[in-house]
Number of protein chains: 2
Amino acid sequence: MIAQREQLNAVGEHADQRSVTATDQRSIPEATVARLATYLRALIDMGECGVATVSSESLAAAAGVNSAKLRKDLSYLGSYGVRGVGYEVSVLTEQIHKTLGLHQNRAVALIGLGHLGQALAGYAGFASRGFRISALIDAHPKLVGTRLRGLTVQHVDRLDEVVKRENIAIAVVAVPAAAAQDVCDRLVSAGVTSILNFAPTVLNVPPHVDVRKVDLAAELQILSFHDNRKAGRPDCLPDAAASVGTGAIGADPAAITAKPVSKVAMAR
Amino acid sequence: MIAQREQLNAVGEHADQRSVTATDQRSIPEATVARLATYLRALIDMGECGVATVSSESLAAAAGVNSAKLRKDLSYLGSYGVRGVGYEVSVLTEQIHKTLGLHQNRAVALIGLGHLGQALAGYAGFASRGFRISALIDAHPKLVGTRLRGLTVQHVDRLDEVVKRENIAIAVVAVPAAAAQDVCDRLVSAGVTSILNFAPTVLNVPPHVDVRKVDLAAELQILSFHDNRKAGRPDCLPDAAASVGTGAIGADPAAITAKPVSKVAMAR
DNA sequence: GCGATTTTGTGAATGCCTTCACAAAGGCGT
DNA sequence: ACGCCTTTGTGAAGGCATTCACAAAATCGC
């Protein structure tokens, strides 16, 4: 959240430049984009449960955010709600889908087929959410040539060729830290413009390339910090231990807590 | 990042309560905490390369952030730099380590041993960064009882018992979405106060529990959005297509670009 | 010693995001 | 047809976070 949004600043930086050229029709804030994926998931679940319309209040509850925030987020997409009624699930689903650019079933390359890479290769969530893994790449001789999920693992030396042939713009890097920058450079020179990086290294990329980092150990460390605060020092906050000790950093009064089940049947 | 920092709002909310009660000694901003892990990694790498001191400028470069930000972040920990010289790597490493609460080698439970769970179980990064996986839990009969990485997989019905015995405060949830809330409830009632959630669901927890979510599909969707913006729509902005099309978002003169390699020998 | 030089630590300014609060809009009952 | 009630969409306010820019501190060369 937290965390790995750091590198994305590479993107956030130019926000203003963009708005100079033209407000396009939507210069959606970074924070909003990050939440759209969550809304989309909730909407799809609702749709599958036969829910036809949903209020900002209940969708917000399902997504774990405050309803004002949700409405503002959605307002960047346009005006797809009906006052006094709510949002039509199918319409909103389609809008977010389109906004995120998911209508084109994007081709993704996965580099690195260690434990994590193999898990990612098998992750059903990618396929079901608009992405198609269309290239598996590794450097290890034992892996190259083997078949996995219907694809043949290619050697990293053929990366350029494969990326170009499959017209891949997004790559997932799951190689050891020591190899990550090299792989990244190859990807960039092959034309990849977006990288999801699982290697614990900061990748160095030209400005037109976006990197998002998922750092598993860092996530735990952040939790550790908060945990330390909570249980940790009962020395300084004797009374707060009760109210804050646990609640610590944050609970939105309305938002999170036990989500009001909302009138609409909620999926899970 | 952005991304999954959403649920942490559950945490962020009470921030004020805390500051009311007491500024403690350091009310470190959430954004800073998230970056400390990155600094820590860079520092450890540098330490292993024999670097003794480092300037804010070069450490910032290694971490991919602006040096002013880095200095401000570090200033929340106290004053550990020497003007005109920089920071002593060992001192700073130790400070951050302590601040993040990593000195106690925390016990972590891992629930769910599907592909992803098994990959996580084998992830060396956890052990090397202050965490010890001390319980493996799953519901599948085929897995329960098998040994993995020196641990016997326990049935989820024994979760409460195991968590209490091992005194576990942090859990990693890698079960299917449909099972996540149930597992989460059990964890919370067993006393877990921090959860790292890989299941694509919003978890519902009481205010004293922190949840961080890692949503792989969402990360890709965010990249997809930006990619769409970049190469994407030549339809609406005939002229912007040129300026935005390729260089698009990036092009910021100063910011990210190719990070200056910094004078200090950089690890990787 | 002492000035030149480097680099930290931090007030102040700016900008982004969230939250509040309410007017406008639309359905529904009568 | 008309007012009531619900819920959206959004200006305005407030809070964080980032960035700027510079004074204070400390080393180094002479």
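Below, read A as the first sequence line, B as the second, and so on, with proteins coming before strands; counting in each chain starts at 1.
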Qualifying salt bridge (Lys or Arg N to Asp or Glu O under 4.0 Å) pairs, either residue in residues 87-104 of chain B, two or more places apart: none
Comparing B:G78 and A:V82 on DNA chain C - which has the more 5′ nearest nucleotide: B:G78
Upstream residue (5' side of DNA chain D) when A:K72 and A:G81 are each assigned their closest nucleotide: A:G81
Inter-residue atom distance A:S194.OG - A:R106.CZ, 0.5 Å rounding: 7.5 Å
Rounded interatomic separation in angstrom, taking OH from A:Y76 and P from C:dC16: 11 Å
Phosphate OP1/OP2 of D:dT19 contacted by B:K69 side-chain N/O (<4.0 Å): yes
Phosphate OP1/OP2 of D:dT8 contacted by A:S56 side-chain N/O (<4.0 Å): yes
Phosphate contact (D:dG9 OP1 or OP2) by A:Y87 side-chain N/O below 4.0 Å: yes
Residue-phosphate contact under 4.0 Å: A:R71 side-chain N/O, C:dC22 OP1/OP2: no
Heavy-atom closest contact (B:Q181 atom, B:V202 atom, distance): OE1-O, 4.0 Å
A:L220 to B:L196 - nearest heavy-atom pair and separation: CD2-CD2, 3.8 Å
Donor/acceptor link under 3.5 angstrom from A:R83 side chain onto base of D:dT7: no
Distance below 4.0 Å between A:S79 side-chain N/O and D:dG9 OP1 or OP2: yes
A:S75 side chain, from C-beta outward: closest of D:dT10, C:dC17, D:dA17: D:dT10
Atom-to-atom span, CD of B:E57 to C1' of D:dC20 - whole angstrom: 14 Å
Whole-Å gap separating P (D:dG9) and CG (A:L77): 10 Å
Euclidean distance, atom CG of residue A:L92 to atom C1' of D:dT7 [Å, nearest integer]: 14 Å
Whole-Å gap separating C1' (D:dC16) and CD (B:E30): 12 Å
Any donor-acceptor pair under 3.5 Å from B:K230 side chain to A:H208 backbone: yes
Between C1' of D:dG9 and CD of A:Q95, the distance in whole Å: 16 Å
Whole-Å distance separating the CG atom of B:D73 from the C1' atom of D:dT19: 12 Å
Length of the CG-C1' vector between B:L59 and C:dT8, whole Å: 13 Å
First encountered from the 5' end of DNA chain D, between A:L74 and B:A68: A:L74
Under-4.0 Å side-chain N/O to phosphate OP1/OP2 contact, B:N66 with D:dT19: yes
